[in-house]
Q: 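One structure follows; several queries about it will come next.
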Amino acid sequence: MSCTIVVGAQWGDEGKGKIVDSLAAAADVVARWQGGPNAGHSVIHQGETLVLHLVPSGILNPGCRCLIGNGVVVDLARLRDEVAMLEARGIPAREQLGVSATAHLILPYHRAVEACAESGPGAIGTTGRGIGFAYRDKIARTGLRVADLFDRAGFVERADRTLHRLRLEFPEAAQALASMSGAGLHDELAPLAEWLRPLVCDASAELYDAAKRGRRLLLEGAQGTLLDVDHGTYPFVTSSNASAAGATAGVGIGPTLVDEVVGVTKAYTTRVGHGPFPTEMPSDEAARLREAGEEYGATTGRPRRCGWLDLPALRFAVRVNGLTQLVVTKLDVLDGFDEIVVAERYTLDGRDVAGFPATSGELERVQPVWRKFPGWKCATTAARRWAELPAAAREYLEWVEREAGVPITRVSVGAGREAEVSRT
Ligand code: IMP
């Protein structure tokens, strides 16, 4: 039995897509457990970068079954377009893909009210994909799920009830909501539902059976620990459990099946959207890192905020996820820097902070205590073995793993699948 969780250890965009694509070479099934088309997982196929928003990143591995779990929120039109994009490149995505019957749907009214909520005070800086409002309906027990597409009367009645409620709650969205009706939405979705019908599955049962037959499972997270709705920098978070605890609930298996939890962290830190970011760099330094690392959102194209590695945040991710391994990505982006800087710990009002602050307010006020490492000032992209990394890079990484208390098992040194140092 083997089941590995791959989870983001920061604010998302850690390079999970590349790592899952690589680990999937030794997996039989890859399943996404949360998030939706807010995610943008980049994988390289025959020299071309493909960005996956909903389809699991194992899809490039021939024969790898890819499941969208019950914890994911699905935008059907985007899913169809993504599958078409893959098929146009000769990847038989429809044959490999299964979508849980109990995954929730993102509907046009979710996007309309999110646009409204994000235009005023209290904006989070979301990806604008209707994620938060789809999850809100799920928790309020007013959501519509994949299986509901095939019960027109029930779908229409419940969508109309939700529309009625949203019109009262969001008068500013009246215009956008006016043209929507349960029947109209169902008519619009009917061709997509027929397209989806053969893909609908019981992902939980499939994973359980696969595990019992000794198949290797990979559970792929989206976003990252610090965007987790329970453990992240609330309220500047996404609306799902992006940390490892969400994995089993989001695909419908028990935690006893899991044996490894791999945390993915960049060699530095980025964040998109609003919220605290203790190690954020001043804008000129951030611009340099942004250009070197091509740090622009894979989903929205927004420039990412950039900063140094944050050890208190990484230790927190180790604890919350129960990490058993760390993968460090984008080491090569630091190749040209004279000095590599890390936040070793925080102080608040002149006192050391133990652990990770519970509120975004405190996190806004903490002062990082910096530690500096000499840069290695040479290209790491060709390294494939630990010993081939420059001594200064090894010193930096070995310090990080000691402080984090978890072994670094892989280091990514470029965009391509082969650009990786494996330590095992
Ligand atoms: P939402 O998930 O679109 O509701 O956005 C909530 C917050 O999570 C915003 O700060 C987004 O920028 C951030 N976010 C959502 N998805 C991703 C991602 O895949 N990578 C990085 N940040 C993300």
Side-chain angles (χ1 to χ4, degrees), residues 6-20 32-43 50-57 71-75 78 82 104 106-107 110-120 122-139 143 220-243 246 250 263-266 268-277 280 290 293-307 310 313 317 329-330 360 363-364:
V6 177
V7 63
Q10 300 174 305
W11 278 285
D13 307 322
E14 299 93 349
K16 296 178 292 298
K18 178 188 162 173
I19 301 306
V20 170
R32 266 278 299 271
W33 81 74
Q34 47 69 237
N38 48 351
H41 293 177
S42 303
V43 287
L50 308 182
V51 181
L52 302 171
H53 301 286
L54 279 160
V55 173
S57 305
V72 175
V73 283
V74 180
D75 180 323
R78 285 189 186 277
E82 202 167 305
H104 278 250
I106 302 176
L107 294 166
H110 294 133
R111 285 189 296 273
V113 295
E114 178 172 327
C116 188
E118 282 286 287
S119 65
I124 303 295
T126 70
T127 57
R129 298 279 163 100
I131 306 293
F133 285 91
Y135 277 117
R136 186 176 88 149
D137 268 341
K138 170 177 172 169
I139 300 305
E220 175 182 7
Q223 293 83 47
T225 307
L226 301 173
L227 287 172
D228 181 285
V229 68
D230 281 289
H231 304 293
T233 51
Y234 195 87
F236 303 102
V237 291
T238 192
S239 299
S240 61
N241 283 120
S243 62
V264 185
T265 175
K266 279 180 192 164
Y268 50 93
T269 309
T270 62
R271 150 158 232 181
V272 199
H274 309 320
F277 185 176
E280 188 164 17
R290 186 176 304 119
E294 294 175 37
E295 295 294 354
Y296 293 88
T299 297
T300 59
R302 291 181 288 180
R304 295 177 183 145
R305 298 160 64 191
C306 296
D310 181 333
T329 58
K330 294 192 130 180
S360 283
L363 203 55
E364 289 283 7

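In each ligand, atom 1 is the first atom listed, and ligand 1 is the first ligand listed. Residues take their numbers from the sequence shown, with the count starting at 1. Every value quoted in this text rests on a predicted model; they were computed, and no experiment measured them.
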Q: If you measure every N/O of S239 against every N/O of ligand 1, is any gap under 3.5 Å?
A: no
Q: Can you tell me if E295 uses its side chain to pair, donor with acceptor, with the backbone of C306 under 3.5 Å?
A: no
Q: Tell me whether V237 reaches ligand 1 (any heavy atom closer than 4.0 angstrom to a ligand atom).
A: yes
Q: Using a strict 4.0 Å cut-off to heavy atoms of T126, name the atoms of ligand 1 that fall inside it.
A: 1 (P), 3 (O), 4 (O), 5 (O), 9 (C)
Q: Can you tell me which residue and heavy atom of the protein come closest to atom 10 (O) of ligand 1, and the distance to 0.1 Å?
A: V272 O, 3.1 Å
Q: Going by distance only, is there an N or O of T127 that falls short of 3.5 Å from an N or O of ligand 1?
A: yes
Q: Identify the closest protein heavy atom to atom 2 (O) of ligand 1: which residue and atom is it, and at what distance?
A: T238 OG1, 2.6 Å
Q: Among protein heavy atoms, which sits nearest to atom 20 (N) of ligand 1, and what does the distance come to when rounded to 0.1 Å?
A: D13 OD1, 2.9 Å
Q: Which is closest to atom 17 (C) of ligand 1 by heavy-atom distance: R271, Q223, K16, R129?
A: Q223
Q: Write down the atom of E294, the atom of R304, and the distance for their closest heavy-atom approach.
A: O-NH1, 4.3 Å
Q: Please check this pair: side chain of K330 against backbone of T265, looking for a donor-acceptor N/O pair closer than 3.5 Å.
A: no
Q: Is the closest side-chain donor-acceptor distance between H110 and D137 under 3.5 Å?
A: yes
Q: Taking the side chain as every heavy atom from C-beta outward, state whether W11 and T270 have any pair of such atoms under 4.5 Å apart.
A: no
Q: Check ligand 1 against L227 and write out every atom of the ligand that is under 4.0 Å from a heavy-atom position of the residue.
A: 8 (O), 13 (C), 14 (N), 22 (N), 23 (C)
Q: Under a 3.5 Å threshold, yes or no: a donor from one side chain and an acceptor from the other, between R129 and T127?
A: no
Q: Say whether R302 and ligand 1 are in contact under the criterion: heavy-atom distance to a ligand atom below 4.0 Å.
A: yes
Q: Have E14 and T329 got a donor and an acceptor in their side chains that come within less than 3.5 Å?
A: no
Q: Name the option, out of G125, A298, A39, G273, that contains the heavy atom nearest to atom 9 (C) of ligand 1.
A: G125
Q: If the contact criterion is a heavy-atom separation under 4.0 Å, does W11 count as touching ligand 1?
A: yes
Q: Counting N and O atoms only, with roles assigned by atom type, does the side chain of N241 sit under 3.5 Å from a partner on the main chain of S243, one being a donor and the other an acceptor?
A: no
